[in-house]
Amino acid sequence: TDQVREIAKEAKYEAKHAAYLSMKIRQTEDSKATMEVIALEAEAPLQHIGDKLETAVAFDQGIKPAEDEILHKIWVLQQTIASQNQDIEDKEAQITLLTQQIQNMESQLGDLKDKEQNLAALMNKQKLAREKYDKVEKSFTVAEAQVLRMGEQVIIRLYGLSFDVGKSTIDPKNFGLLSKVVDAFNLYPSCGVTVEGHTDSYGTDDANQKLSTERSSAVQKYLVAASGIGESRIMAVGYGESKPVASNETKDGRRKNRRIDIVIHPKE
């Protein structure tokens with residue numbers, strides 16, 4: 001039923017799209033617009049978006065380079081927002097600790113030095129954690145993975161790791177990507193690791209659960225062999241379709257939901 005519903009939705013969209021294109025073609029023919037005018041009209045929306053993003057776009061090589069420049073600028077902005085959000089989280093932790101210090105100063109003046117040392121230790125810990133996170137993030141391209149922080153945990157969302165449909169065998173072309181994951185482990189001595197398998201919503205719950213578990217287990221076995229980390233420190237778990245990160249109503253959303261997440265649990 002999921003597939004039928006999706007096909008019906010796509011058919012409805014294509015019908016509306018065809019009707020719109022037919023109308024625009026008639027209008028263009030009636031106005032006797034030249035190909036130059038048509039091409040310039042097609043470029044105008046991208047030029048407008050580029051202006052709003054304060055990035056220069058050029059069309060001397062066609063529309064594709066301009067599109068790529070805009071997408072790159074959007075990605076840079078998204079990374080900046082993620083970085084700023086993490087900075088806010090770190091500052092909030094500092095503010096909480098400082099507030100606690102102020103509340104206790106009147107009755108615990110003798111402990112002020114210890115509290116200052118605790119704050120310095122917290123800030124230093126955050127600094128070291130951020131430096132490690134930045135190293136991991138910079139080691140992956142946009143197409144390979146998205147790197148996130150959730151508290152102390154570091155999540156490597158391997159969008160670049162793909163499997164054949166319904167299969168859990170790791171293709172040799174993915175060995176290079178997984179070697180970068182092993183390099184990330186080396187930044188966190190004695191860390192624990194969870195390999196999470198996820199699928200999109202197509203198929204039955206049982207089939208998706210089984211497939212996600214098989215894929216996470218395959219990656220876990222590979223990482224144990226490649227990293228030399230004991231098997232007890234790398235666990236695998238499958239979540240099936242229960243934890244989507246995007247809409248299952250679009251192809252790109254389903255691609256993002258079919259993923260392996262590597263969760264690094266740093267040791268204190």
Side-chain angles (χ1 to χ4, degrees), residues 1-6 9-10 74-75 78-79 81-86 88-89 129 132-133 136-137 139-171 174 177-178 180-182 184-185 188 191-224 227 229 231-267:
T1 58
D2 288 341
Q3 188 174 10
V4 172
R5 186 167 58 251
E6 183 64 22
K9 181 181 292 186
E10 289 177 1
I74 291 173
W75 176 81
Q78 289 175 332
Q79 294 300 107
I81 291 171
S83 177
Q84 291 174 343
N85 286 339
Q86 186 58 52
I88 290 172
E89 182 178 330
K132 291 181 180 181
Y133 169 80
V136 175
E137 183 183 41
S139 67
F140 294 93
T141 67
V142 179
E144 289 176 334
Q146 179 183 16
V147 183
L148 309 166
R149 275 182 68 190
M150 296 186 65
E152 298 294 326
Q153 297 179 349
V154 176
I155 301 173
I156 305 174
R157 189 152 285 162
L158 294 175
Y159 288 135
L161 178 61
S162 60
F163 295 87
D164 291 338
V165 176
K167 304 296 183 182
S168 59
T169 302
I170 299 175
D171 194 295
N174 292 312
L177 174 57
L178 291 175
K180 292 185 178 183
V181 174
V182 173
F185 294 165
Y188 299 91
C191 68
V193 177
T194 302
V195 181
E196 297 182 353
H198 302 270
T199 68
D200 59 29
S201 63
Y202 275 19
T204 66
D205 291 349
D206 290 343
N208 286 336
Q209 179 65 44
K210 181 176 182 292
L211 181 61
S212 66
T213 300
E214 290 175 348
R215 288 177 174 177
S216 65
S217 295
V219 174
Q220 183 251 7
K221 288 182 174 61
Y222 180 90
L223 293 176
V224 168
S227 67
I229 296 178
E231 188 172 0
S232 62
R233 285 172 49 199
I234 304 181
M235 64 177 293
V237 60
Y239 288 105
E241 62 186 74
S242 64
K243 292 190 175 184
V245 293
S247 171
N248 279 300
E249 298 300 322
T250 66
K251 291 182 179 179
D252 188 58
R254 292 191 294 274
R255 178 187 63 80
K256 290 181 177 180
N257 289 334
R258 296 189 299 268
R259 69 193 190 279
I260 292 291
D261 286 350
I262 306 296
V263 184
I264 299 175
H265 311 277
K267 184 177 181 182

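Computed from heavy atoms alone, side chains included, the values below leave out hydrogens, waters and symmetry copies.
Residues that satisfy the side-chain contact (heavy atoms from CB on, under 4.5 Å) test with Asn208, not counting sequence neighbours, are Thr199, Glu241. Under the side-chain hydrogen bond (donor to acceptor under 3.5 Å, both in side chains) criterion, Arg254 pairs with no residue, sequence neighbours left out. A search for ring-ring contact (aromatic ring centres under 6.0 Å, His included) contacts involving Tyr239 returns His198, not counting sequence neighbours. Listed by chain and number, the residues in a salt bridge (charged side-chain N to carboxylate O under 4.0 Å, His left out) with Asp252 are Arg255, Lys256 (sequence neighbours excluded). With sequence neighbours excluded, the residues forming a ring-ring contact (aromatic ring centres under 6.0 Å, His included) with Tyr222 are Phe175, listed by chain and number. A search for salt bridge (charged side-chain N to carboxylate O under 4.0 Å, His left out) contacts involving Asp261 returns Arg157, Arg259, not counting sequence neighbours. Listed by chain and residue number, Asn85, Glu92 satisfy the side-chain contact (heavy atoms from CB on, under 4.5 Å) test with Ile88 (two or more places apart in sequence, or in another chain). Applying the side-chain contact (heavy atoms from CB on, under 4.5 Å) rule to Val224 yields the partners Gln220, Glu231, Ile234; only residues at least two apart in sequence or on another chain are considered. In this structure Thr194 satisfies the side-chain contact (heavy atoms from CB on, under 4.5 Å) test together with Glu196, Met235, Val237, Val263, His265, sequence neighbours excluded. Remark: Asp2 engages Arg5 in a salt bridge (charged side-chain N to carboxylate O under 4.0 Å, His left out) (not counting sequence neighbours). By the salt bridge (charged side-chain N to carboxylate O under 4.0 Å, His left out) test, Lys221 pairs with no residue at all, sequence neighbours left out.
Sparse packing is recorded around NZ of Lys210, with 12 or fewer heavy atoms of other residues, nucleotides or ligands lying under 6.0 Å away.
For the ring-ring contact (aromatic ring centres under 6.0 Å, His included) condition, no pair includes a residue of residues 142-167, sequence neighbours left out.
The shortest non-hydrogen separation linking Ser216 to Gly238 is OG-N, 4.0 Å. Summarising the geometry of Ala145 relative to Ile156, their closest heavy-atom pair is CB-CG2, 3.9 Å, with the distance given to 0.1 Å.
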Would you check, one step at a time, whether the test side chain to side chain contact (heavy atoms under 4.5 Å, CB included) holds for Ile262 with Val195?
-> CA-CA 5 Å; Ile262 306 296; Val195 181; 4.0 Å; yes
For Val193 and Tyr188, run side chain to side chain contact (heavy atoms under 4.5 Å, CB included): C-alpha distance rounded to whole Å, both residues' side-chain angles, the deciding distance at 0.1 Å, then the answer.
-> CA-CA 10 Å; Val193 177; Tyr188 299 91; over 6 Å; no
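Formation of a donor-acceptor pair under 3.5 Å by the Arg215 side chain with backbone atoms of Lys167 is found in this model. Remark: side-chain polar atoms of Tyr202 are not paired, donor with acceptor, to backbone N or O of Asn248 under 3.5 angstrom.
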